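Values below: all heavy atoms of this structure, side chains included; hydrogens, waters and symmetry mates excluded. Since we're looking at a predicted model, the values are computed, not measured.
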Amino acid sequence: MTTQNNPYVYAEAIQYQLANIVTPVPVYSNFNRNYAKQPQFLTWQLRNIHQDVYTGGIQSNKGIDTPIFQISIFAQNKADAFNLSNDILQSLHGYSGQFGGPDGFFIAKADVHWLYNSYDNELGLNQIFLDCMIYVPA
């Protein structure tokens, strides 16, 4: 029987992968959003960890881990927000290989979906939201 990865393993890998894509732009886990004084930054939030369990005679037969995390891009300049989003799309969408650096894990594929873009008048920040699902063989 296979087991699902600890969510902390996913959190560390997501932080590492995103930080390496957008360096030197700061990347934060989405526990505190008091970063609005910076001209551009990213936050991420692990939204779902799911592993299919097949029914039938052998219910311990597991499928594939499919964690989903949301990436929130914030930038004062619209071009910066769209360029950061493009960097993430180009680096992650369709990616297969080691995820999260040398201490990470292998993923079969990453899918990135553009959710929407917006502008916050109070903060003066362009905002772009992406979802990323990674497929981790169990």
Side-chain angles (χ1 to χ4, degrees):
M1 180 171 129
T2 60
T3 58
Q4 196 165 0
N5 282 329
N6 183 323
Y8 181 74
V9 171
Y10 292 130
E12 289 295 300
I14 292 165
Q15 178 69 32
Y16 179 95
Q17 198 76 21
L18 289 175
N20 279 289
I21 292 171
V22 301
T23 296
V25 175
V27 176
Y28 304 103
S29 59
N30 205 16
F31 300 125
N32 184 348
R33 292 184 54 177
N34 294 323
Y35 312 117
K37 294 178 176 56
Q38 295 176 322
Q40 53 184 342
F41 59 94
L42 266 68
T43 64
W44 61 269
Q45 178 181 24
L46 186 59
R47 292 189 331 153
N48 187 25
I49 298 174
H50 179 71
Q51 185 181 74
D52 294 329
V53 177
Y54 299 106
T55 59
I58 305 174
Q59 293 187 9
S60 64
N61 182 17
K62 303 286 187 188
I64 192 167
D65 283 356
T66 53
I68 300 171
F69 58 97
Q70 182 173 310
I71 304 163
S72 306
I73 297 133
F74 301 92
Q76 292 173 349
N77 181 298
K78 181 169 63 172
D80 289 341
F82 277 86
N83 287 331
L84 283 171
S85 299
N86 185 56
D87 290 345
I88 293 167
L89 287 168
Q90 297 299 323
S91 295
L92 275 184
H93 190 64
Y95 175 78
S96 176
Q98 187 72 7
F99 186 85
D103 295 328
F105 46 86
F106 176 80
I107 65 169
K109 184 176 78 162
D111 283 332
V112 180
H113 301 277
W114 186 289
L115 298 177
Y116 61 95
N117 55 284
S118 184
Y119 183 80
D120 186 319
N121 287 325
E122 289 181 29
L123 298 175
L125 292 172
N126 294 277
Q127 304 173 343
I128 298 176
F129 301 94
L130 309 172
D131 255 0
C132 182
M133 179 183 289
I134 56 176
Y135 298 90
V136 184

If two hydrophobic side chains count as joined below 4.5 Å and joins carry through other members, does Trp114 share a cluster with Ile14? yes

Indicate if Ile21 and Ile128 have the same hydrophobic cluster label, given that clusters are the connected sets of ILVMFWY residues with side-chain heavy-atom separations under 4.5 angstrom. yes

Exercise: do Tyr8 and Glu12 side chains pair donor with acceptor under 3.5 Å: yes

Transitive ILVMFWY side-chain link Phe74 to Leu123, under 4.5 Å: yes

Heavy atoms, side chains only, cut-off 4.5 Å: are Thr66 and Ile49 in contact? no

What orientation do His113 and His93 show, parallel under 30°, tilted 30 to 60°, or perpendicular over 60°? perpendicular

Gln45 vs Ser29 side-chain heavy atoms within contact, under 4.5 Å: no

Please name all residues satisfying side-chain contact (heavy atoms from CB on, under 4.5 Å) with Asn48, sequence neighbours left out, ordered by chain then number. His50, Ile68

Using a strict 4.0 Å threshold on nitrogen-to-oxygen distance, state whether Lys78 and Asp80 make a salt bridge. no

Check whether any side-chain heavy atom of Asn126 sits under 4.5 Å from a side-chain heavy atom of Asn117, and report yes or no. no

CD-OH distance between Gln98 and Tyr16, expressed to the nearest 0.5 angstrom: 9.0 Å

Residue pair Asp111 / Tyr135, side-chain donor-acceptor N/O under 3.5 Å: yes

Closest approach of Pro67 to Val136 (non-hydrogen atoms, all atoms of both residues): CD-CG2, 4.2 Å

To the closest 0.5 Å, what do you measure between CD1 (Ile88) and CD1 (Ile71)? 5.0 Å

Over all heavy atoms of both residues, which pair between Phe105 and Ala13 is shortest? Give the atoms and the distance, please. CE2-CB, 3.5 Å

Between Asn83 (side chain) and Ala79 (backbone), is there a donor-acceptor pair under 3.5 Å? yes

May I ask you to check whether Trp44 and Gln70 show a side-chain donor-acceptor distance below 3.5 Å? no

Classify the side-chain pair Gln15/Tyr10 by whether it contains a donor and acceptor separated by less than 3.5 Å. no

Work out which heavy atom in Leu46 is nearest to a heavy atom in Pro7; give both atom names and the distance. CD2-O, 4.1 Å

Looking at Tyr95 and Gly97, what are the two nearest heavy atoms and their distance? OH-C, 3.6 Å

Would you give the length of the straight line joining atom CZ of Phe69 to atom OG1 of Thr43, rounded to the nearest 0.5 angstrom? 12.0 Å

Does Tyr119 offer a backbone N or O that forms a donor-acceptor pair with the side chain of Gln127 under 3.5 Å? no

